[in-house]
Amino acid sequence: MIRALPWIAQTFLTGISSAQLPVEMLVGNDRTTADVLWFRPFPDTAGNPTRFLFFNRSRAAVDYSNRTFFGTTLAVSYNFPSGLGLVVTGQFFAQGFFPKAGLQYFKRKADLMVFTWVTAELLQKSKVDWFLLSRWEPQLSRRHRLFSQLELLTTADPEGTLALVQRIRLGLGFPRLRWQAGLGLDLGQTGRTTFSTTSNVGLFIRKDF
């Protein structure tokens, strides 16, 4: 997995060197994960941000039985001044490619950022996703910020089966160095009336390139 990180970075950094690219690694009790996230507005010819937003998210994981997992999500949205927007997404997993479309909301104010969407699969299964990424980073001192991040993902299929994911990060940020580090918790539940649960608890380190 670690050897795959340069390939991931090269794939999504080509021609976008001005973008902020957070790269995270979490070493947990069940598995190690790597996460590359990039989203920013498309610039106009003068370099100013437009209402079109590009989102790219790639995650890789390897557990301690040496099983590997990889997935990536691409999304393009048009955002109105209110923060609401229209979004089209494409997700790549081992099971295949899944195009989706729906509504999005994005707002950044002071130390708080909220990014969320509801999308429906465009193929026959018609799964519905709700995704939320929220971050709060208040100033603690001249050199430190609190880094707190909550991520939720709910997927429902027509048969009523739910797949739930919760990812929590809590730690310390070093703005001058553009590093964050702390505790991480990943939870997952899958089922209909009864649910099977997975968990991964560990330490994360994160760098904004």
Residue pairs passing the ring pair (Phe, Tyr, Trp, His ring centres under 6.0 Å) test with at least one member in residues 156-202, sequence neighbours excluded, are His144-Phe174
Going by distance alone, is a donor N or O of one side chain under 3.5 Å from an acceptor N or O of the other, for [X] and [Y]?
X      : Y      : answer
Arg169 : Gln149 : no
Asp111 : Gln139 : no
Tyr105 : Ser82  : no

Val118 vs Asp129, side chain to side chain contact (heavy atoms under 4.5 Å, CB included): CA-CA, chis, key distance, verdict:
CA-CA 6 Å; Val118 176; Asp129 284 353; over 6 Å; no
Go through the steps to decide whether Met113 and Phe106 satisfy the test side chain to side chain contact (heavy atoms under 4.5 Å, CB included), and finish with yes or no.
CA-CA 8 Å; Met113 185 272 289; Phe106 173 57; 3.8 Å; yes
Taken to the nearest 0.5 Å, the spacing of Asp186 CG from Glu151 CD works out to 8.0 Å
Salt bridge or not between Glu121 and Lys127? Use side-chain N to carboxylate O under 4.0 Å.
no
Angle class for the Phe98/Phe93 ring planes (parallel below 30°, perpendicular above 60°, tilted otherwise)?
tilted
Measure up the Trp117 and Phe55 rings against each other and bin them: parallel (under 30°), tilted (30 to 60°), perpendicular (over 60°).
perpendicular
Give a yes or no answer on whether the side chain of Asn200 reaches the backbone of Asp30 with a donor-acceptor pair at less than 3.5 Å.
yes
For [X] and [Y], work out which heavy atoms get closest and say how close.
X      : Y      : result
Tyr64  : Asn29  : CE1-O, 3.4 Å
Val87  : Ala75  : CG2-CB, 4.0 Å
Glu137 : Arg145 : O-NH1, 2.6 Å
Phe70  : Ala60  : CD1-CB, 3.8 Å
Leu53  : Phe115 : CD2-CE1, 3.7 Å
Gly202 : Leu26  : C-CD1, 3.7 Å

Side chain to side chain contact (heavy atoms under 4.5 Å, CB included) between Thr116 and Trp130, intermediate numbers included:
CA-CA 7 Å; Thr116 185; Trp130 172 56; 3.1 Å; yes
With sequence neighbours excluded, residues passing ring pair (Phe, Tyr, Trp, His ring centres under 6.0 Å) with Phe147
Phe204
Can you list the steps and then say if Gln180 with Asp208 is a side chain to side chain contact (heavy atoms under 4.5 Å, CB included)?
CA-CA 9 Å; Gln180 299 88 32; Asp208 291 325; 3.3 Å; yes
Full working for salt bridge (charged side-chain N to carboxylate O under 4.0 Å, His left out) between Asp35 and Arg167:
CA-CA 12 Å; Asp35 192 325; Arg167 300 188 184 106; 5.7 Å; no
I need the single residue from Thr119, Thr89, Asn79 that forms a side chain to side chain donor-acceptor pair (under 3.5 Å) with Gln104. Which is it?
Asn79
